[in-house]
Amino acid sequence: MAQAVRIGIAGLGTVGQGVVSIIQQHSALLAARHAPIEIAAVSMRDRSKARKVSLEGIRIEDDALALADASDVDIVLELIGGEDGIARQLVERSIAQGKHVVTANKALIAHHGDALVAHAETQGVVLAFEAAVAGGIPILSTLRHGTCANQISRISGILNGTCNFILTTMEQEGRDFDDVLNEAEALGYLEADPALDIDGIDTAHKVAILAALAFGTRLDYAGVDCEGIRNVTLRDMHYAAEFGYRIKLLGMASFDGRYLHQSVRPTLVPLSAPLAGVSGAFNAVQLHGDAVGDVTLEGRGAGAGPTASAVLADVMAIARGERPQPFGMAVGALIQADRSAGALQKSAYYLRLNVRDEPGVLAEITRIFANEHISVRAITQHEIMPDNTVQVVVSTHHTDDTSMRAAMSALSALPVNANPPICLGISEGE
Ligand SMILES: NC(=O)c1ccc[n+]([C@@H]2O[C@H](COP(=O)([O-])OP(=O)(O)OC[C@H]3O[C@@H](n4cnc5c(N)ncnc54)[C@H](OP(=O)(O)O)[C@@H]3O)[C@@H](O)[C@H]2O)c1
């Protein structure tokens, strides 16, 4: 049997305890598949806190950085979180000390992944982060191995289980956003800072990582155009369903060899498309490769088991002697893409206006679209509401982002608005 692999685990929350639990349950299986995994030491913030796993016989370090210096640790697992602070210090110090690092920390990788991987390369160690994107779905290893012979032009997905749970529950149970948000909080689905989930930031971190790996471009988290789900209403869900669509928070990246477009936004997805059927806390990723065509992977995107499963996949790969390049190529070979300008980004759009029921309103709305050369596919005025306003729903043919922003700005300035207009993208591909 191969020599035992000794790990040090920093962070014993949801993911850290999930890792300990799998190692304890599957010790024989892991040993048979390569080598025994030994937990040499762990570190947490508050050692008096009750844990769901036994730590008997395991050394506890009060200072997580001690794991980076420990001579009996081969691989450091950073499962604390946060783009800076102790998590970043630990990863940097572990690499500097010649230790392999496995992390589930998408914020850290999205912000500092290039520099950290470059540091790991010079030290001859691995920095692995399969668990950082879509939890239990092995999308990063699929991009590195399964589809590595393809030119990938587009990757998109449902990458935040909490947002997908909220949208699915709103639609299925006819409940509004705030109501379901409270339930998600009570179920412990939300990050400590809920904005990371519902404002799309967590999805944006994952989009940036996926884009780098899929296209071989440098990480550009700041270039992700990001909008979350706070403004999605039941009313829009009903109207979308009438058109044959369902609203999903989609993370999307595309690359044409020069321009990189990355976005996170609530999007109308056709009911017949694979991503429309992904419900609850599930995640799915769809990529398009020139040789393979469309590939869709679906599974649990978060939680102790799925995330720990991905962490241990990285640990086992390192234990087997694999030295994967995290971005599928040397970090110095990643190319600097240009950010896609709005005039190059085309999409169909769904708009909803809530306006006072006055003569000439529809003519005024259509005039704004005509001024911006936007071709309207359908425009429907719904029944008069008790407050004497009407809902006007518009769908457009493909138009560019710059024209749509100009139209939205003009529509928002209309004096007849009872509420600000809503604008969502319509996807035909997923
Ligand atoms: N939860 C998921 O489903 C999921 C999915 C994918 C990726 N991730 C990522 O995985 C990482 C961990 O997430 P989590 O959900 O497990 O977080 P969590 O439940 O909040 O756990 C964080 C852990 O870090 C420990 N910690 C905080 N400060 C520390 C310090 N200075 N030194 C040592 N330990 C410290 C905490 O200790 P105490 O317990 O003593 O407070 C806690 O055990 C994050 O990067 C997250 O984005 C999570």
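Both ligands and their constituent atoms are indexed starting at 1 by order of listing. Hydrogens, waters and symmetry mates are skipped; everything else that's a heavy atom, side chains included, is used. For reference, positions follow the sequence shown, starting with 1.
The atoms of ligand 1 that sit less than 4.0 Å from any heavy atom of D46 are 40 (O). Residue contact check: A302 has heavy atoms under 4.0 Å from atoms 3 (O) of ligand 1. Close contacts of ligand 1 with G81, meaning ligand atoms under 4.0 Å from a residue heavy atom, involve 44 (C), 45 (O). With ligand atoms numbered from 1 in the order given, ligand 1 contributes 31 (N) to contacts under 4.0 Å with heavy atoms of I86. Distances below 4.0 Å separate heavy atoms of A131 from the following atoms of ligand 1: 6 (C), 7 (C).
For atom 41 (O) of ligand 1, the closest heavy atom belonging to the protein is K49 NZ, 2.7 Å. Nearest protein heavy-atom neighbour of atom 8 (N) of ligand 1: K106 NZ, 3.6 Å. Scanning the protein for heavy atoms near atom 13 (O) of ligand 1, the closest one is V15 CG2, 3.9 Å. Of all protein heavy atoms, the one closest to atom 36 (C) of ligand 1 is R45 NH2, 4.0 Å. Summary of contacts: the protein heavy atom closest to atom 12 (C) of ligand 1 is L79 O, 3.4 Å. What sits closest to atom 28 (N) of ligand 1 on the protein, heavy atoms only, is I80 CG2, 3.8 Å. Protein heavy atom at the shortest distance from atom 5 (C) of ligand 1 is T307 OG1, 3.2 Å.
Inside a 4.0 Å radius of atom 20 (O) of ligand 1 there is not any protein heavy atom.
Under 3.5 Å, the side chains of H288 and N150 contain no donor-acceptor pair of N or O atoms. Under 3.5 Å, the side chains of Q286 and S156 contain no donor-acceptor pair of N or O atoms. Side chains of Q325 and R144: a donor-acceptor N/O pair is absent below 3.5 angstrom, by distance only.
Of the listed residues (G161, A104, G13), the one carrying the non-hydrogen atom nearest atom 10 (O) of ligand 1 is A104. Nearest residue to atom 39 (O) of ligand 1 from M44, R51, E191 is R51 (criterion: closest heavy atom). By heavy-atom distance, the residue among G11, G303, A10, G301 lying nearest atom 2 (C) of ligand 1 is G303. The residue among L90, L12, L108 with a heavy atom at the shortest distance from atom 43 (O) of ligand 1 is L12.
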May I have the step-by-step check of side-chain contact (heavy atoms from CB on, under 4.5 Å) for M408 and L351, ending in yes or no? CA-CA 9 Å; M408 270 301 280; L351 295 97; 3.6 Å; yes
Evaluate the criterion side-chain contact (heavy atoms from CB on, under 4.5 Å) for residue pair Y189 and D197; output intermediate values, then yes/no. CA-CA 9 Å; Y189 283 6; D197 288 317; over 6 Å; no
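If you take CD on E38 and CG on D72, they are separated by 9.0 Å, rounding to the nearest 0.5 Å. Distance check, rounded to the nearest 0.5 Å: CZ of R51 to OG of S21 gives 14.5 Å. Once rounded to the nearest 0.5 Å, the distance linking CG of L219 with CD of Q336 reads 10.5 Å. Interatomic distance, CG of L167 versus CD1 of I229, reported as 4.5 Å (0.5 Å rounding).
Just one residue in the list K206, K106, H205 forms a side chain to side chain contact (heavy atoms under 4.5 Å, CB included) with V133, and that residue is K206.
Residue contacts with ligand 1, taken as heavy atom pairs separated by less than 4.0 Å, do not involve R47 at all.
Not a single heavy atom of G135 sits closer than 4.0 Å to an atom of ligand 1.
By the 6.0 Å contact criterion, CZ on R6 is enclosed, its count of non-hydrogen atoms from other residues, nucleotides or ligands being greater than 12.
Look at D63 and R93 and you find no salt bridge, because none of the NZ, NE, NH1 or NH2 atoms lies under 4.0 Å from a carboxylate O.
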